[in-house]
Amino acid sequence: QVPLVESGGGLVPAGDSLRLSCVASVRTFSRYGMGWFRQAPGKDREFVASINWSGGTSYYADSVKGRFTISRDNAKNTVYLKMNSLQPEDTAVYYCAGRFSEDYSARLPDYNYWGQGTQVTVSS
C-alpha cells in the first residue's frame with residue numbers, strides 16, 4: 001500500500017481559507033493521479049478535486065469550482081488542496097487518494113490508496 005498522510009485541517013469561520021497537504025511515502029509519486037474527496041456526517045464520500053501526474057490538468061466538483069485549487073509538488077511527494085471562501089457546507093472529513101494511473105479521475109472506485117482523513121469544520 002501507499003501511505004498517504006493528510007494534514008492542515010481545522011476549525012475556521014465562514015469565509016476563511018485552509019490549505020490541506022497530503023504526503024505520499026512512495027518513490028514513484030509522479031506516476032500517480034491524485035484526488036481529494038470529502039465525507040460529511042451521514043453522507044456518502046464525494047469527489048472534490050483531482051489532478052493528473054504532472055499537475056497540468058485538474059478537475060473539480062461544481063460545488064467547489066472557483067473556490068478550491070488542487071496542486072502538486074512531485075519533488076516533495078505532496079498534493080495540496082487550497083480552500084478559499086469556506087462555507088459551513090464544506091464541513092467534512094477530507095481524504096487524499098491516489099491511483100496508479102497518471103490521469104485524474106472523479107470516480108471513487110478508480111482510486112487504489114486512501115489517507116486517514118483530516119477534519120475540516122467551518123462555523124457560521
Side-chain angles (χ1 to χ4, degrees):
Q1 290 192 342
V2 176
L4 301 175
V5 180
E6 303 100 331
S7 62
L11 170 63
V12 296
D16 243 20
S17 299
L18 280 175
R19 189 179 78 159
L20 305 182
S21 300
C22 172
V23 179
S25 299
V26 62
R27 293 182 181 179
T28 57
F29 177 71
S30 62
R31 294 185 182 179
Y32 288 79
M34 299 297 295
W36 286 96
F37 294 77
R38 66 186 182 186
Q39 188 166 18
K43 295 188 176 181
D44 293 334
R45 192 170 300 190
E46 66 175 8
F47 169 74
V48 175
S50 182
I51 193 166
N52 75 331
W53 71 277
S54 68
T57 304
S58 55
Y59 183 68
Y60 298 90
D62 287 343
S63 59
V64 307
K65 201 173 296 182
R67 298 188 299 125
F68 291 12
T69 303
I70 188 171
S71 62
R72 66 190 296 161
D73 184 339
N74 287 343
K76 296 182 178 180
N77 278 20
T78 302
V79 62
Y80 304 97
L81 185 68
K82 180 64 186 303
M83 305 183 293
N84 296 326
S85 303
L86 283 162
Q87 299 301 316
E89 51 267 33
D90 295 317
T91 294
V93 177
Y94 282 71
Y95 296 92
C96 173
R99 58 191 301 253
F100 199 66
S101 166
E102 295 179 348
D103 206 357
Y104 64 89
S105 174
R107 299 180 66 247
L108 272 74
D110 287 349
Y111 287 84
N112 306 102
Y113 311 107
W114 294 85
Q116 82 288 350
T118 185
Q119 177 71 48
V120 172
T121 304
V122 185
S123 61
S124 56

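In terms of heavy atoms, Leu4 sits closest to Cys22 at CB-SG, 3.9 Å. Of all heavy-atom pairs between Ala49 and Leu81, the closest is CB-CD1, 4.2 Å. Nearest heavy-atom pair across Ser124 and Ala14 is CA-CB, 4.5 Å. Taking both residues in full, the closest heavy atoms of Asp110 and Ser105 are given as OD2-OG, 2.6 Å, listed atom of the first, atom of the second, then distance. Here the closest heavy-atom approach between residue Ser17 and residue Ser85 is recorded as OG-N, 4.2 Å. Looking at every heavy atom in both residues, Leu18 comes nearest to Gly8 through CD2-O, 3.7 Å.
If you chain together hydrophobic residues whose side chains sit under 4.5 Å apart, Tyr94 and Val64 fall into the same group. Using a 4.5 Å cut-off between side-chain heavy atoms of Ile, Leu, Val, Met, Phe, Trp and Tyr, with links allowed through other members, Tyr80 and Ile70 fall into different hydrophobic clusters. Criterion: ILVMFWY side-chain heavy atoms under 4.5 Å apart, direct or through other members. Under it, Trp36 and Val12 are part of a common hydrophobic cluster. Grouping the Ile, Leu, Val, Met, Phe, Trp and Tyr side chains by contacts below 4.5 angstrom, directly or via other members, places Val23 apart from Tyr113.
A donor-acceptor distance shorter than 3.5 angstrom exists from the side chain of Arg67 to the backbone of Ser63, with no hydrogens or angles considered. Although no hydrogens or angles enter the test, the distance criterion places a donor-acceptor pair under 3.5 Å between the side chain of Thr118 and the main chain of Gly9. In this structure a side-chain-to-backbone donor-acceptor pair under 3.5 Å is present from Glu6 to Cys96. Checking side-chain atoms of Asp16 against main-chain N and O of Pro13 turns up no donor-acceptor pair under 3.5 Å. At distances below 3.5 Å, at least one donor-acceptor pair connects side-chain atoms of Asn77 with backbone N or O atoms of Val26.
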(request) Kindly determine whether Met83 and Leu20 satisfy side-chain contact (heavy atoms from CB on, under 4.5 Å), including the steps that lead there. (result) CA-CA 8 Å; Met83 305 183 293; Leu20 305 182; 3.8 Å; yes
(message) Apply ring pair (Phe, Tyr, Trp, His ring centres under 6.0 Å) to residues Phe100 and Tyr32 and explain how you reach the verdict.
(response) CA-CA 5 Å; Phe100 199 66; Tyr32 288 79; 5.4 Å; yes
(message) For Tyr111 and Ser101: C-alpha separation, side-chain torsions, deciding distance, then whether side-chain hydrogen bond (donor to acceptor under 3.5 Å, both in side chains) applies.
(response) CA-CA 9 Å; Tyr111 287 84; Ser101 166; over 6 Å; no
(request) Start with the C-alpha distance between Val120 and Val122, add both sets of side-chain angles, then the distance that settles side-chain contact (heavy atoms from CB on, under 4.5 Å), and finish with yes or no. (result) CA-CA 7 Å; Val120 172; Val122 185; 4.2 Å; yes
(message) Test ring pair (Phe, Tyr, Trp, His ring centres under 6.0 Å) on Phe47 and Tyr59; report intermediate values, then the result.
(response) CA-CA 10 Å; Phe47 169 74; Tyr59 183 68; 5.7 Å; yes
(request) Show your working on side-chain hydrogen bond (donor to acceptor under 3.5 Å, both in side chains) between Thr78 and Asp73 and close with a plain yes or no. (result) CA-CA 5 Å; Thr78 302; Asp73 184 339; over 6 Å; no
(request) Could you check Thr57 against Tyr104 for side-chain contact (heavy atoms from CB on, under 4.5 Å), going step by step and ending with a plain yes or no? (result) CA-CA 8 Å; Thr57 304; Tyr104 64 89; 3.2 Å; yes
(request) Start with the C-alpha gap between Gln119 and Thr91, add the side-chain angles, then the distance that decides, and say whether side-chain contact (heavy atoms from CB on, under 4.5 Å) holds. (result) CA-CA 8 Å; Gln119 177 71 48; Thr91 294; 4.1 Å; yes
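Counting heavy atoms from C-beta outward, Val48 and Phe68 have side chains that approach closer than 4.5 Å.
Taking OH of Tyr60 as the reference point, atom NZ of Lys65 lies at 10.0 Å (rounded to 0.5 Å). Separating the CG atom in Leu11 from the OG atom in Ser123 is a distance of 5.5 Å, to the nearest 0.5 Å. The OG1 atom of Thr121 sits 11.0 Å away from atom CG of Asp90, with the distance rounded to the nearest 0.5 Å. Separating the CE atom in Met34 from the CG atom in Asn74 is a distance of 10.0 Å, to the nearest 0.5 Å.
Under 4.0 Å is where a charged nitrogen must lie from a carboxylate oxygen, and between Arg38 and Glu46 at least one such pair does.
A cation-pi contact, defined as under 6.0 Å to the ring centre and within 45° of the axis, links Arg72 to Phe29. Relative to the ring axis of Tyr95, Arg45 places its NZ or CZ within 45° and under 6.0 Å from the centre.
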